[in-house]
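Right, one structure below, let's go through it.
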Amino acid sequence: MDWIERLFRLSPDGGRGTLEAGIATGAAAAAVMIAVSALGAARLATKWLRAMRGARVVARPPVEPVSR
């Protein structure tokens with residue numbers, strides 16, 4: 001867990017690895033939030049499409065009376 005030390009050649013947390021753990025935890029939390037948001041958006045889009053499919057009403061042209 002010393003990738004920051006290796007990449008930037010400095011040790012902001014004194015070599016304990018807490019910064020790397022915090023970054024990894026934050027990235028995992030962000031990934032979960034993005035996944036949940038995407039699933040929610042997909043569910044909402046599906047619900048909206050189903051509602052729109054059921055809402056289509058085709059208007060028939062008016063029937064003209066037959067004159068005899």
Side-chain angles (χ1 to χ4, degrees):
M1 297 226 11
D2 293 333
W3 59 271
I4 288 184
E5 285 84 0
R6 291 179 190 163
L7 184 65
F8 297 111
R9 294 187 180 160
L10 58 100
S11 181
D13 57 0
R16 288 179 295 191
T18 54
L19 181 63
E20 290 90 350
I23 291 172
T25 303
V32 167
M33 290 183 345
I34 289 170
V36 168
S37 177
L39 288 173
R43 186 173 179 191
L44 184 63
T46 303
K47 193 182 263 189
W48 182 79
L49 285 172
R50 284 184 184 159
M52 291 305 292
R53 218 177 285 146
R56 289 186 186 160
V57 176
V58 178
R60 294 183 181 177
V63 178
E64 295 185 25
V66 179
S67 59
R68 292 186 180 188

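Nothing fancy with the numbering, it's 1 onward along the sequence.
Nearest heavy atoms, Pro12 versus Glu5: CD-OE2, 4.4 Å.
Linking Ile, Leu, Val, Met, Phe, Trp and Tyr residues whenever their side-chain heavy atoms come within less than 4.5 Å places Trp3 and Leu10 in a single cluster. In this structure, Phe8 is a member of the same hydrophobic cluster as Leu19, with clusters built from ILVMFWY side-chain heavy atoms closer than 4.5 Å.
The main-chain N or O of Met33 is never found under 3.5 Å from a side-chain atom of Ser37 such that the two would form a donor-acceptor pair.
Looking only at side-chain heavy atoms (C-beta outward), Ile23 and Ile4 come within less than 4.5 Å of each other.
In this structure, CG in Leu39 is found 12.0 Å from CD1 in Ile34, a value given to the nearest 0.5 Å.
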